[in-house]
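Encoded as structure tokens, the structure appears first; notes follow it.
Since the structure is predicted, the reported quantities are computational estimates derived from the model, not experimental observations.
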Amino acid sequence: MGRVVVNVMPKPEILDPQGKAVAGVLPRLGFEGFVSVRQGKRFELEVDGDVTPEVLEKARKAAEEVLSNPVIEDVVSVRDASSEAN
């Protein structure tokens, strides 16, 4: 069984109140040096079989049409989960 990972982020011009809240709390908790935070979404899609280029293309299409709101979000990556470093 394979797994595809899709990452979606708010478009740069869209306000991100959750990211702003996290950015405000980090220094108060001792995590200095971070100037901004953007919060996005991660989806993991399990597939029956191997992750092929065709599966990745179908996942990208699903990400663009269903998993993201193209008015305010960008699909920033669609990849085989096995390519991620642990």
query: In terms of hydrophobic clusters joined by side-chain contacts under 4.5 Å, are Leu56 and Val5 together?
result: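 Result: no, two separate clusters.
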Applying the 4.5 Å side-chain criterion to the ILVMFWY set and letting contacts propagate, would Phe31 and Val37 be lumped into a single cluster?
->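 Yes.
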Check [X] against [Y] and note the closest heavy-atom contact, atom names and distance.
X	Y	answer
Val8	Phe43	CG2-CE1, 4.0 Å
Ala63	Val6	CB-CG1, 3.6 Å
Val51	Val47	CG2-CG2, 3.9 Å

Check this for me: [X], atom [atom1], are more than 12 non-hydrogen atoms of other residues, nucleotides or ligands nearer than 6.0 Å?
X	atom1	value
Lys20	NZ	no
Leu15	CG	no
Gln39	CD	yes

Considering only heavy atoms from C-beta outward, does the side chain of [X] approach that of [Y] to under 4.5 Å?
X	Y	result
Arg79	Asn7	yes
Asp74	Lys11	yes
Val75	Leu67	no
Arg3	Met1	no

Inset, instruction - Scan residues 60-71 for pairs that pass side-chain hydrogen bond (donor to acceptor under 3.5 Å, both in side chains), counting only residues two or more places apart or in two chains. - result: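 Those involving residues 60-71 are Lys61-Glu65.
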Item to complete: Check the pair Gln18, Asp16 against side chain to side chain contact (heavy atoms under 4.5 Å, CB included), reporting the backbone distance first and the verdict last.
Response: CA-CA 6 Å; Gln18 289 175 305; Asp16 181 4; 3.9 Å; yes
Q. Are Thr52 and Asp50 close enough that a side-chain donor and a side-chain acceptor fall under 3.5 Å?
A.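 Absent: no donor and acceptor within the cut-off.
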